[in-house]
Structure formats: C-alpha cells, structure tokens
Amino acid sequence: MRKDFLTYQAQTTPHPLGIEVQRAKGSYIYDTSGKSYLDFVAGVSACSLGHLHPKVVAAIKEQLELYMHVMVYGEYAQGPAIEFSKLLAQHIEIENATTYMVNSGTEAIEGALKLARRYTGRQEIISAHQAYHGNTMGSLSLSDFEERKKPFYPLIPQIRHIRFNAVVDIEKITSKTAAVVLETIQGGAGIIVPKDGYLQKVKKRCEEVGALLILDEIQPGFGRTGHLFAFQKYSVVPDILVIGKGMAGGLPAGAFVARNEVINTLSDAPKMGHITTFGGNAIISAAALATLKEITSSNLMQETLEKEALFKELLQHSLLEEIRGIGLMLALIVTSEEVANQLILKAQEKGLILFWLLFEKRAVRITPPLTISKQEIREGCKKIIHLLDEIETQAVN
C-alpha cells in the first residue's frame with residue numbers, strides 16, 4: 001500500500017509520514033496491521049467531532065438516499081445548504097449573514113478576496129507577516145514567505161504586509177485598501193493570539209478608511225477555541241468571515257460569509273462573479289449541518305477550555321518552553337527544531353499522532369478532536385512526557 005502511495009499519488013513532501021490507514025473511529029486511527037494511533041491532530045483541525053461521529057454519519061446516509069449533486073452552486077434551492085446557512089447566521093454576529101459555500105478553506109479565501117475587490121472597487125489587499133491562508137494563487141499571494149512563493153511568480157499584485165499585533169503598522173491601512181486579511185489566531189506562525197485589543201483596533205481603522213476586515217477562521221473555527229469562532233472571544237465582528245476545515249466533520253468544505261448587501265455583489269456585473277460546481281454539495285452540507293448542530297447544542301465548547309487546562313497541567317518538561325494557544329488549538333514550543341522533529345516521529349512509533357506547524361520550526365501541533373476524552377488526553381500526554389525524557393537522556397549521553 002505504501003509503495004503504491006508513493007508511486008501513483010503526488011507527494012506534498014519528500015518524506016511523508018506514510019501511515020497505511022485501514023480505518024478510523026473516535027479519537028483513533030488504525031493502520032493495516034491493526035496498530036492504533038491516538039489522534040492529537042484531527043486531520044489538522046478538520047475532524048472536529050472525531051472520526052466517524054455517529055450523527056455526522058447518519059446525516060450523510062440519510063442524504064445519500066435522497067440526492068447527491070444536482071446542479072452547480074446557487075441555482076437550485078437545496079435543503080442541507082439552506083439549513084446550514086440559516087443555523088450559522090443564528091450563531092454569528094454578522095448582520096443579515098449570507099453564506100457562499102465552497103469546497104475548501106483556500107477557495108473561500110479566493111472568494112473573499114474577489115468579494116472585497118468587487119464591493120470596494122479597490123485593489124490593495126493587506127495581510128500579515130507569517131500569514132498562512134492556503135496554497136492557491138490568491139491565497140499564496142497573501143504570504144510573505146519568499147521560499148514558498150518565488151517558484152510560482154508572478155502572483156497577485158498589490159499585496160502589502162503588516163506585523164500581527166503591531167499596532168503601529170495599522171496606519172498602513174488606507175483609503176486605497178480593499179481589505180485586511182488576518183487569521184484570527186495565526187496558525188502556521190506558531191499559534192499567535194491577538195493581544196491588547198489588536199483586532200478591534202484593526203477593525204476600527206478599516207471602518208475609518210472604508211476597507212473590509214476579512215477574518216480567516218479556517219483553523220480556529222467551529223468550537224476549537226471555546227467559542228464557535230475565535231473572533232467572538234475578541235469582541236470583533238469581521239466584514240467577511242472565512243471558514244473551512246472543521247466545518248463538515250472531516251469532509252471537504254469551506255465558505256465565506258458576509259452581510260447580504262456585500263456578498264450579493266458577486267451575483268451581478270458580472271453575473272456569476274464567483275462560480276463553484278460542488279460548493280454546497282448536498283452530502284457535504286448535510287455533514288456540515290450535523291456538525292454545527294452538535295457543536296452548538298452540546299457542552300463541547302465549554303469542555304474545550306477544560307481540556308486546554310488539562311493539557312497545560314500535564315505537559316510540564318524542561319524541553320518544553322511554553323504551550324501557546326487557546327482551547328484545543330495548541331502548540332508545544334520545545335527547545336529546538338531537532339527536539340520537535342524527534343518528538344513527532346517518535347510519537348508516531350508509539351501510537352500517538354502529532355504534527356508540525358508551517359513556519360515555527362520548534363512547534364509541535366496539538367489540535368485533537370473536540371470530542372477527545374480527558375482520559376485520552378492523559379494517555380497521550382503521558383507518552384509525550386516519556387518521549388521528552390527519552391530525547392533529553394539521549395542528548396546528555
């Protein structure tokens with residue numbers, strides 16, 4: 001299986017982890033030999049309700065008996081997409097919230113960028129240093145990481161950058177700016193949270209100059225921070241909200257959300273200003289609706305903060321400098337890149353899934369399913385401490 005994977009599937013890195021997956025359920029992934037792996041990553045925040053959550057599976061099966069794909073997005077009224085969009089509007093502070101459903105987070109970013117330029121009539125886009133918003137051409141253009149960008153030049157022009165949490169840089173937002181695009185919590189940069197009312201100050205500046213604030217909640221969204229969306233913790237309302245990853249309980253989904261008067265400018269002059277064939281697909285939307293219902297009607301968000309506290313209590317070690325993040329969007333910052341690499345690879349050998357962050361090389365990602373139990377957290381943390389002891393001993397010897 002691994003040989004065919006390397007032969008017939010394109011690779012994203014020279015050395016993929018290569019677990020031969022047989023099945024997954026709850027907080028565990030099982031390989032073809034029957035070995036279990038406790039999942040502290042959840043498909044990089046995507047499997048918000050764990051693997052094969054019964055309510056998500058039931059919603060998918062029920063919809064499968066009715067129809068799958070019937071028409072490109074935005075032409076037919078389809079129940080699952082309508083119900084998801086309606087329920088979402090009830091749980092966010094965006095006035096007259098209207099949702100455009102797409103296939104992934106990066107496509108949602110692309111749609112948001114187009115919407116901002118269409119609505120404002122401006123071209124300049126501002127994003128943050130060490131931002132990560134996806135890998136399609138528009139999303140990649142928002143990054144300032146030249147090593148990742150240069151091979152694909154030319155990218156979208158008129159992109160400027162500011163430093164996340166640097167209030168002095170807010171003055172760079174001007175009447176030429178169509179939109180400011182920020183991750184509510186910077187993921188790839190090392191799980192960097194906004195400080196001292198930073199997002200509120202950015203929003204105020206945007207309002208002063210007529211720019212739109214786009215908040216990327218692709219990673220922190222859907223309950224991961226103890227709120228449905230992290231912007232709610234920081235008391236700021238975006239003009240355009242971008243979502244994805246955990247939206248559909250492990251199925252590919254994304255969306256961008258804005259006031260009705262803003263988002264509907266994409267429907268005319270030109271007509272079909274943004275088009276997607278499979279966005280709002282009935283199966284995906286049924287899964288998204290089931291996921292949103294479960295997160296908003298259960299105690300999962302409250303429990304997320306309790307689980308954060310448990311992780312921070314259990315993970316104490318001399319090789320661990322700090323634990324960044326909120327809820328179940330966490331990063332262990334260890335003493336070196338080498339320690340991070342060893343910990344992630346050794347953990348997989350011991351049946352625990354950890355992962356890297358994009359830019360901060362000393363970081364180890366911990367983004368488990370929201371449904372992970374406290375006992376599973378204790379089990380995984382015990383392995384992490386044991387492995388850090390082992391790494392420290394080897395370094396001394």
Side-chain angles (χ1 to χ4, degrees), residues 1-7 9-47 50-51 132 135 145 147-148 187-191 219 245 250 311-312 314-325 328-369 372 376-397:
M1 188 172 177
R2 180 181 170 85
K3 181 181 177 181
D4 285 348
F5 166 61
L6 296 172
T7 302
Q9 277 195 264
Q11 306 300 304
T12 53
T13 69
H15 306 288
L17 292 173
I19 294 175
E20 297 181 331
V21 178
Q22 177 67 37
R23 61 189 180 92
K25 189 172 181 62
S27 300
Y28 289 88
I29 296 173
Y30 301 85
D31 70 15
T32 50
S33 71
K35 180 178 177 179
S36 65
Y37 300 82
L38 178 56
D39 188 357
F40 269 18
V41 177
V44 187
S45 303
C47 301
H51 302 285
Y132 179 74
N135 259 302
F145 192 8
E147 180 183 339
R148 297 185 68 83
I191 314 294
Q219 287 198 59
K245 285 195 183 293
F311 270 113
K312 291 181 175 179
L314 296 173
L315 293 174
Q316 305 282 335
H317 197 277
S318 57
L319 293 181
L320 179 55
E321 294 187 349
E322 63 175 310
I323 302 177
R324 295 181 187 163
L328 293 178
M329 185 178 179
L330 302 173
L332 309 183
I333 307 300
V334 295
T335 52
S336 70
E337 179 180 351
E338 178 59 25
V339 171
N341 290 339
Q342 286 190 57
L343 178 57
I344 292 166
L345 296 175
K346 287 177 179 290
Q348 180 170 311
E349 294 175 6
K350 299 297 184 181
L352 175 66
I353 297 176
L354 303 171
F355 207 60
W356 294 269
L357 294 182
L358 193 58
F359 302 126
E360 174 52 79
K361 301 303 182 184
R362 297 175 301 131
V364 177
R365 172 188 291 274
I366 293 186
T367 55
I372 194 168
E376 289 166 340
I377 291 172
R378 292 187 183 94
E379 175 190 334
C381 287
K382 184 177 180 180
K383 288 186 178 183
I384 290 173
I385 295 300
H386 175 77
L387 289 170
L388 288 173
D389 285 341
E390 185 179 299
I391 292 167
E392 188 173 46
T393 300
Q394 289 175 346
V396 171
N397 295 335

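Numbers here are sequence positions counted from 1.
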Check: Q11 side chain, F5 main-chain N or O, donor-acceptor pair, under 3.5 Å: yes
Would you say T335 and E321 make side-chain contact, with heavy atoms under 4.5 Å? yes
Heavy atoms of F311 and C381 approach each other most closely as CD2-SG, 3.4 Å
Show the nearest heavy-atom pair for residues L388 and V339, with the distance to one decimal. CD2-CG1, 4.2 Å
May I ask you to decide if K350's main-chain N or O and K383's side chain share a donor-acceptor pair within less than 3.5 Å? yes
Check for a donor-acceptor pair, side chain of E20 on one end and backbone N or O of R2 on the other, with a separation under 3.5 Å. yes
K382 NZ: over 12 foreign heavy atoms closer than 6.0 Å: no
Test item: R324 side-chain N/O and G190 main-chain N/O as donor-acceptor pair under 3.5 Å: yes
Going from CG on L387 to CG on L345, what distance comes out if it is rounded to the nearest 0.5 angstrom? 11.0 Å
For the residue pair V44 and K245, what are the closest heavy atoms and their distance? O-CD, 3.1 Å
What distance separates D389 CG from S318 OG, expressed to the nearest 0.5 Å? 7.5 Å
Would you say the side-chain atoms of K25 pair up with the backbone N or O of Y30, donor to acceptor, closer than 3.5 Å? no
